[in-house]
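Side chains are part of it too, since the values below use all heavy atoms of this structure and drop only hydrogens, waters and symmetry mates. Every chain is numbered from 1, with letters handed out A, B, ... down the list of sequences. What you see is a predicted model, and the numbers here were worked out from it, not measured in a lab.
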Number of protein chains: 2
Amino acid sequence: MADLIYRKVIDDIKNRIFDDEFKDNRLPDERSLSESYEVSRSTIKRALDILVQQGVIFKKRGSGTFINPLYLKNQSLFQYEGNNLGVTDNIITTGHKSSIKLLDFQVTPANPEIQQNLFLNENEFVYKIERLRLIDGKPIIIETGYIPIKLAPELSPETVKKSIFHFMNQEENKRVSKSFMSIMTEPSNKEDQKLLDLSENEPVGIMAGTFFLDDGTPFEFSSMRVHYKYLNYNTFINLNSD
Amino acid sequence: MADLIYRKVIDDIKNRIFDDEFKDNRLPDERSLSESYEVSRSTIKRALDILVQQGVIFKKRGSGTFINPLYLKNQSLFQYEGNNLGVTDNIITTGHKSSIKLLDFQVTPANPEIQQNLFLNENEFVYKIERLRLIDGKPIIIETGYIPIKLAPELSPETVKKSIFHFMNQEENKRVSKSFMSIMTEPSNKEDQKLLDLSENEPVGIMAGTFFLDDGTPFEFSSMRVHYKYLNYNTFINLNSD
DNA sequence: AAGTGGTCTAGACCACCGC
DNA sequence: CGGTGGTCTAGACCACTTG
């Protein structure tokens with residue numbers, strides 16, 4: 001994993017940027033980098049392209065490659081390097097105790113919306129799993145998820161109190177690797193207010209969408225209602241075409 | 001622009017996916033595609049990698065390349081192909097009449113937060129521009145932006161009633177090409193309620209962050225308070241590493 | 001005109017998957 | 001084992017920017 005050449009180049013360049021080794025916020029040209037790292041120019045391009053994607057540098061055809069000044073100034077913002085949820089099975093937990101309270105666990109027929117989002121036929125069944133996520137004892141997210149039973153026949157209330165994705169990875173050898181999500185906001189309803197300890201005028205953030213397995217199978221349709229103080233989604237946006 | 005080979009391959013493969021030309025949701029292997037398109041395998045890989053990024057297909061090493069079933073099922077969601085604001089100078093306007101009402105336009109010293117975000121020294125001045133964006137006559141966004149005067153000395157209230165980015169591109173030959181944004185939500189304050197026609201318990205979505213020029217110069221620090229019904233940010237998330 | 005990044009090629013070899 | 005995608009190379013030629 002870590003012995004890939006382009007990864008090593010990426011890491012080294014990042015370190016050198018952080019150590020302020022480059023003058024004028026400018027990197028050497030690609031052909032020079034190719035020589036000094038003793039790798040092909042293609043590999044240098046690959047490394048630089050990823051750094052562009054991460055927002056660390058900018059390339060300008062005809063002029064050169066430049067360091068994003070904000071990367072130096074405010075590196076903490078870049079800790080996620082790309083997209084970041086701030087809320088999922090595997091994030092946000094660093095340094096805090098996260099726990100899960102199971103609110104509901106049942107098997108139901110998939111309604112038309114669920115059918116469409118999970119690519120199911122009529123008469124197929126799904127688990128409905130409603131969970132409350134807490135961090136350091138504070139309720140943060142009400143999460144309602146729908147999973148086709150055929151994709152995880154062994155799912156149990158006990159499993160669901162922990163990480164479902166982790167279970168799938170370990171026990172079923174299926175990796176959840178992609179998602180397509182929408183982020184919105186709404187006034188809180190009575191249930192939100194009760195479970196998330198919100199007052200009437202305090203809203204919830206909503207992240208709803210579909211999680212996919214490695215092979216493209218839609219795995220879970222999920223709707224997360226997030227305490228408004230804890231919704232913080234950071235992202236880079238490239239305003240040009242693709 | 002459109003005569004790039006990998007672009008043509010991307011467009012053609014998308015059309016073929018849409019026309020359901022591939023069996024089993026599976027694309028031919030890269031070497032076959034290379035032959036049939038009469039281009040190098042590298043170019044095929046480049047095209048496929050972009051389609052992966054857009055969420056159209058999935059690659060599985062050792063097995064093959066597969067079509068994301070949701071791309072066929074629900075193509076409308078994918079109209080943005082990648083990240084999507086739903087709110088900016090150039091989006092959301094399709095088929096609707098958008099207008100701008102200028103609320104405030106002044107030059108002030110940059111406070112410490114602005115200084116940091118725009119990479120300014122002390123004693124530098126910025127425009128403060130507060131605008132209300134309307135779509136079909138309905139107020140949607142209160143936008144407060146800060147722009148260093150040195151980057152756009154010619155800016156005027158008249159210019160600012162239209163698209164600032166467009167002005168920069170046309171008159172100053174500077175392109176705004178990237179941004180780093182945070183998305184949050186909050187209860188609406190009195191001003192939100194008045195300007196966006198919200199009741200007390202209705203929230204605003206907040207998109208705040210920095211826009212950059214082509215060469216990495218931070219150009220504008222902006223905070224947008226969005227009517228909650230109109231905040232809808234769609235995105236793909238790759239849950240693995242980078 | 002010189003320098004820089006962008007596109008594209010042709011091919012070698014490796015790593016993983018499934019039969 | 002054969003088939004698939006992943007990494008890497010060496011080099012040609014093009015497009016844009018700057019002096």
Side-chain angles (χ1 to χ4, degrees), chain A residues 1-11 13 22-53 56-67 173-175 177 213-217 238 240-242, chain B residues 1-11 13 22-53 56-67 169 172-175 177 213-217 238 240-242:
Chain A
M1 171 78 86
D3 55 352
L4 294 180
I5 296 178
Y6 72 86
R7 283 250 159 265
K8 282 194 265 188
V9 173
I10 288 173
D11 292 343
I13 289 180
F22 301 111
K23 310 297 175 195
D24 300 326
N25 270 351
R26 185 201 184 91
L27 259 57
D29 70 278
E30 296 180 346
R31 288 161 180 88
S32 308
L33 287 170
S34 167
E35 271 191 45
S36 62
Y37 280 104
E38 294 180 305
V39 301
S40 72
R41 189 180 158 212
S42 315
T43 299
I44 293 294
K45 290 182 88 58
R46 180 175 203 155
L48 295 184
D49 284 346
I50 291 170
L51 288 170
V52 167
Q53 241 265 283
V56 176
I57 60 175
F58 296 85
K59 290 169 139 188
K60 245 189 130 177
R61 181 196 198 123
S63 355
T65 302
F66 305 88
I67 298 165
N173 198 30
K174 291 174 180 167
R175 293 212 351 256
S177 65
L213 299 178
D214 251 2
D215 62 2
T217 312
N238 213 317
N240 305 328
S241 54
D242 311 8
Chain B
M1 170 80 85
D3 56 352
L4 295 180
I5 297 178
Y6 73 85
R7 285 247 158 267
K8 283 194 265 188
V9 172
I10 289 173
D11 291 343
I13 289 180
F22 301 110
K23 310 298 174 195
D24 301 327
N25 271 350
R26 184 199 184 91
L27 258 57
D29 70 278
E30 295 179 347
R31 287 161 180 89
S32 308
L33 287 169
S34 166
E35 271 190 45
S36 61
Y37 280 104
E38 294 181 305
V39 301
S40 73
R41 189 181 159 212
S42 314
T43 299
I44 293 293
K45 290 182 87 59
R46 180 175 202 155
L48 295 184
D49 284 346
I50 292 171
L51 288 170
V52 167
Q53 241 267 282
V56 176
I57 59 173
F58 296 85
K59 291 168 138 189
K60 249 190 126 175
R61 182 196 199 122
S63 324
T65 303
F66 305 88
I67 299 166
N169 201 340
E172 302 270 349
N173 198 29
K174 291 173 180 168
R175 291 206 359 252
S177 65
L213 299 177
D214 251 2
D215 61 3
T217 312
N238 213 317
N240 305 326
S241 55
D242 310 8

Q.
Treating primed atoms plus P, OP1 and OP2 as sugar-phosphate and everything else as base, which nucleotides of nucleotides 13-19 of chain C get B, S or - for protein heavy atoms under 4.0 Å?
A. B-BBB--
Q.
Please enumerate all residues that pass side-chain hydrogen bond (donor to acceptor under 3.5 Å, both in side chains) together with B:Thr43, with sequence neighbours excluded.
A. B:Ser40
Q. Is B:Tyr6 near enough to C:dT7 that one of its side-chain N or O atoms lies under 4.0 angstrom from OP1 or OP2?
A. yes
(Q) What is the distance, to the nearest angstrom, from the CG atom on B:Asp29 to the P atom on D:dG6? (A) 12 Å
Q) Are the side chain of B:Thr65 and the backbone N or O of B:Leu27 linked by a donor-acceptor pair below 3.5 Å? A) no
(Q) Under 4.0 Å from OP1 or OP2 of C:dT4: is there any side-chain N or O of A:Thr65 that close? (A) no
Q: Can you figure out which of C:dT7, C:dT9, D:dT7 approaches the side chain of A:Leu4 most closely?
A: D:dT7
Q | Which residues share a side-chain contact (heavy atoms from CB on, under 4.5 Å) with A:Leu213, sequence neighbours left out | A | A:Lys174, A:Val176, A:Asp215, A:Thr217, A:Phe219
Q) Whole Å only: how far is the CD atom of A:Glu30 from the P atom of D:dA12? A) 17 Å
Q: Take atom CZ of B:Arg46 and atom C1' of D:dC8, then tell me their distance rounded to the nearest Å.
A: 16 Å
Q. C:dG3 C1' sits how many Å from A:Phe66 CZ, rounded?
A. 12 Å
Q: Kindly write out the residues that satisfy side-chain contact (heavy atoms from CB on, under 4.5 Å) with A:Ser63, not counting sequence neighbours, or none if the list is empty.
A: A:Lys60, A:Phe66
Q: Taking the side chain as every heavy atom from C-beta outward, state whether B:Val52 and B:Phe58 have any atom pair closer than 4.5 Å.
A: no
(Q) Assuming nearest nucleotide by heavy-atom distance, tell me which of B:Pro28 and A:Ile44 is located more 5' along DNA chain D. (A) B:Pro28
Q: For A:Ser32, check side-chain hydrogen bond (donor to acceptor under 3.5 Å, both in side chains) against everything at least two apart and list the hits.
A: A:Asp29
**Q.** Nearest-Å distance for atom pair NZ/C1', residues A:Lys45 and D:dT9
**A.** 15 Å
Q. Is B:Lys59 near enough to D:dG6 that one of its side-chain N or O atoms lies under 4.0 angstrom from OP1 or OP2?
A. yes
Q | Rounded distance (Å) that lies between atom C1' of D:dT9 and atom CG of A:Leu33 | A | 17 Å
Q: Using whole Å, report how far CG of B:Asp49 lies from P of D:dC8.
A: 14 Å
Q: With sequence neighbours excluded, tell me which residues meet side-chain hydrogen bond (donor to acceptor under 3.5 Å, both in side chains) with A:Lys59.
A: A:Glu30, A:Asp49
Q: In whole angstrom, give the distance that lies between atom CG of A:Leu48 and atom C1' of C:dG5.
A: 10 Å
